[in-house]
Amino acid sequence: MSKEKKRTRSTLLQRLFGNRNKTLSFMEEEQLQSPGRVVFKKFVSNKLGMIGLIVFLCIFLFVMIGPRFFVLNLSYEDNTQKNVPPMMSMLSPPEELATDIADIAPGTTFGIGVSNAGKTYIWGYTKVTDVIDIANIPAEVLEADVEHIAAGYDHVAVADSSGNVYVWGNDRLGQARLPDEIEDAMDDGVNLGIKQLEAGYQYTAALTEDGNLYVWGNGNMADLWVKSEYQGRIQKVALTNYNYIALLDDGTVVYPGLQKNVFSAIPEGLTDIVDIAATSSTCAAVDSNGKITVWGNVGSGENQVPEMDSHPVELYGGRSHYTALLENGEVVSWGDDTHGQASVPSSVHDADIETVYAGFYQNYAVTTDGELITWGLKGYLLGTDNFGRDILTRIVNGGRVTMTVGAVAVIISLVIGIIMGGLAGYFGGWVDMAVMRFSELVGGMPFLPFALILSAVIGTRISVEQRMYLIMVVLGVLSWPSICRLVRAQIFSQREQEYVTAAQAMGVRERSIIFRHILPNVLSLILVTATLDFATAMLTESTLSYMGFGISPPTPTWGNMLTGANNSIVIQQYWWRWVFPAAIFGICTICINLVGDALRDAFDPKSTER
């Protein structure tokens, strides 16, 4: 190979891969860098812009991908979970109880437990009303040797080793008004021998060793009567919201009350029953052959009993789910799984379970080694609203709606504004006159009053989804004049450039000159404007929703989530209902504006400082 060829090849390799450490002069650098690369470097060097972009992308991915994991049920409502503050301790009993458990009773948002020494513990969210906190255990209970406990919707009942019964919490509907038999026995120092204590919705039941059942509480809601023919024969009782069933000493299931309802219609063939349980609206019984029968108002799959490898020996009921302990030590749950209460963790399958405590949305399994395993509702990371709905789930799904409305509205305004501004700027004359007068007419409309009137007139006649499309179109159609004027002004300055004259001389169609030659040169300003308009469209949609004329609940948006927080009680007592939606909305809007400002600086050649 000749020296000339070697020198040429060496020069080529050096030009391709060498000279990395060589410092280029200002003119050389500008000649080597493309305009896109210069804009990119200037944008990346803007720290605020990059922070805004990263945070916005995180929020965007969070609200777009999040609904796959935070599934929204528009019909969900639970009055037992309303206005719960941010917390994750509903399944976290104190350490001193976790290793010394005698009994546990899960409540709506709390748990109550008693140790083998008779000491009572309460954990979770313990306020059952704005002023009543069941964590305030009565002094006599703290001194008593508690044996049995029960957690109702808004009250707690315990029984000690002497047969004394104590009730606290919300007692305005007779929850603490004990039957005369129990009151007289307590006054006379007689121990009735209570072996089971259960609590439902504003009523409580106590079962004694001799098979007598006592029920008290809100008689306007619950069936508090006990037929005398069953007294002395009852072995176990299971409570629904307002009714109850009993297991007799002959293995049959009966309804001891006087009302006729779906629970009193006991299915035929229920004999040789070994255990019973109840949810808020169903009852269940398991016989000696392991067959489970469920009846009542089934609404959450309580009757869809899974196949089991062994016979169930114990049955437990939550609010809308059942849990069974099998002969081989396995645990099976089924029914409503909104909060994971029917999803038994693998650690339970690998352990030797001695007993299970289940109720509402929580499950506690105790192993033979004394280890405690829990599953179900741990709490709410961002709290709940006045309907018991998870704030985090609604923020995620509401953000997707808000961003979608803002993005589609901006796209509509961009399409209309670019076309109208391009025609006005290029042709001028009467075309410019007509377009600009029309844009002034649209821009002169008072947007909010017009949107409110339009929404009020036709909003009630369409569905929520159609209402969302209406808001998108209204926002897009009424916000294009500013983009139109911007495009028109830029095309006025560009149409006199030499490349336009050259294209006209070559016979290029005017449509191609406007949209393929001139428009790319003003695209940078359009991009910056679109970014800022995106934030404005989100704010406008949220304003309409906040005022009650946008997308209406239960479909969430960041705006209508703040609608219920516009009173002093919510602001002062339930801060999480407005702080978190307002915070993520404010952060998202600020980040979009930071990105828009950074893009404007990057596209502006006069902003470069050396």
Side-chain angles (χ1 to χ4, degrees), residues 89-200 202-210 212-218 237 239 355 357 359-360 362 364 366 370 372 374:
S89 60
M90 294 183 186
L91 280 174
S92 302
E95 294 183 3
E96 52 268 32
L97 174 67
T99 56
D100 187 31
I101 298 173
D103 194 8
I104 289 179
T108 53
T109 60
F110 60 90
I112 178 172
V114 59
S115 66
N116 290 310
K119 187 176 180 181
T120 304
Y121 300 86
I122 294 182
W123 60 92
Y125 181 61
T126 57
K127 294 192 68 173
V128 293
T129 69
D130 292 338
V131 296
I132 300 176
D133 191 344
I134 61 170
N136 299 321
I137 304 175
E140 56 267 27
V141 176
L142 295 175
E143 299 174 357
D145 180 19
V146 177
E147 286 188 341
H148 304 287
I149 55 176
Y153 279 68
D154 56 2
H155 71 288
V156 170
V158 302
D160 63 13
S161 57
S162 301
N164 297 316
V165 178
Y166 307 95
V167 181
W168 72 96
N170 187 0
D171 60 356
R172 68 182 184 88
L173 295 171
Q175 292 95 321
R177 190 166 52 245
L178 299 177
D180 294 339
E181 296 86 348
I182 296 180
E183 288 277 9
D184 294 341
M186 292 173 59
D187 293 339
D188 297 338
V190 177
N191 190 345
L192 294 177
I194 295 175
K195 70 174 184 179
Q196 184 187 0
L197 202 60
E198 297 290 336
Q202 298 175 349
Y203 76 108
T204 310
L207 179 64
T208 63
E209 293 285 353
D210 56 8
N212 290 317
L213 179 64
Y214 303 96
V215 186
W216 68 93
N218 184 6
V237 64
L239 276 60
T355 187
Y357 304 100
F360 286 92
Q362 292 84 23
Y364 301 83
V366 182
L372 182 64
T374 63

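FYI, side chains are in, hydrogens and waters are out, and symmetry mates aren't considered; it's all heavy atoms of this structure. Everything quoted here is computed from the prediction, not taken from an experiment.
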Note to self: What verdict does the side chain to side chain contact (heavy atoms under 4.5 Å, CB included) test give for Ile122 and Ile137, after you've listed the backbone C-alpha separation in whole Å, the side-chain angles of each residue and the deciding distance to 0.1 Å?
What the structure shows: CA-CA 9 Å; Ile122 294 182; Ile137 304 175; 3.9 Å; yes
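- Counting only residues at least two apart or on different chains, the side-chain hydrogen bond (donor to acceptor under 3.5 Å, both in side chains) pairs with a member in residues 123-132 are Trp123-Tyr364, Thr126-Asp133, Asp130-Tyr574.
- No side-chain heavy atom of Tyr166 sits under 4.5 Å from any side-chain heavy atom of Val146.
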Using residues 174-182 as the side-chain source, report each donor-acceptor pair under 3.5 Å to any protein atom, sequence neighbours left out, with the distance given to one decimal.
{"unit_1": "Gln175", "atom_1": "OE1", "unit_2": "Leu173", "atom_2": "N", "d": "3.0"}
{"unit_1": "Gln175", "atom_1": "NE2", "unit_2": "Asn170", "atom_2": "O", "d": "3.0"}

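- Taking 4.5 Å as the limit, every side-chain heavy atom of Asn136 sits out of range of all side-chain heavy atoms of Trp168.
- You'll find the side chain of Gln202 reaches within 4.5 Å of the side chain of Asp154, heavy atoms only.
- Side-chain contact between Leu372 and Ile101: present, with at least one pair of heavy atoms (C-beta onward) separated by less than 4.5 Å.
- The shortest non-hydrogen separation linking Ala117 to Asp100 is N-OD2, 4.2 Å.
- Atoms CD1 and CG, from Ile149 and Asp103 in turn, are 4.5 Å apart once rounded to the nearest 0.5 Å.
- Taking every heavy atom of both residues into account, Ala151 and Ile112 meet most closely at CB-CG2, 4.0 Å.
- Of all the heavy atoms in Gly163 and Met186, the pair that sits closest is O-CG, 4.3 Å.
- One distance of note links CD1 of Ile194 with CG of Asn212; it measures 11.5 Å at 0.5 Å rounding.
- Across all their heavy atoms, Ala206 and Leu197 have their closest contact at CB-CD1, 3.6 Å.
- A side-chain donor-acceptor contact under 3.5 Å links Thr208 and Asp210.
- The structure places CG of Asn218 at 11.0 Å from OG1 of Thr204, a figure rounded to the nearest 0.5 Å.
- Within a 6.0 Å radius of CD in Glu95, other residues, nucleotides and ligands contribute 12 heavy atoms or fewer.
- Considering only heavy atoms from C-beta on, Thr109 comes within 4.5 Å of Met90 through its side chain.
- When all heavy atoms of Ala157 and Val167 are compared, the pair lying nearest together is CB-CG2, 3.9 Å.
- To the nearest 0.5 angstrom, Thr108 atom OG1 is 5.5 Å from Phe360 atom CZ.
- Once rounded to the nearest 0.5 Å, the distance linking OG1 of Thr120 with CG of Asp160 reads 9.5 Å.
- When the shell of 6.0 Å around NZ of Lys195 is examined, it contains more than 12 heavy atoms from other residues, nucleotides or ligands.
- Nearest approach of Gly169 to Ile134, heavy atoms of both residues: CA-CG2, 3.7 Å.
- Taking the side chain as every heavy atom from C-beta outward, Leu192 and Val165 never approach each other to under 4.5 Å.
- Residues meeting the side chain to side chain donor-acceptor pair (under 3.5 Å) test with Ser161, sequence neighbours left out: Asp145.
- Gln196 places a side-chain N or O within donor-acceptor distance of the main-chain N or O of Val237, the cut-off being under 3.5 Å.
- Side-chain contact between Val366 and Tyr357 is present, with heavy atoms from C-beta onward closer than 4.5 Å.
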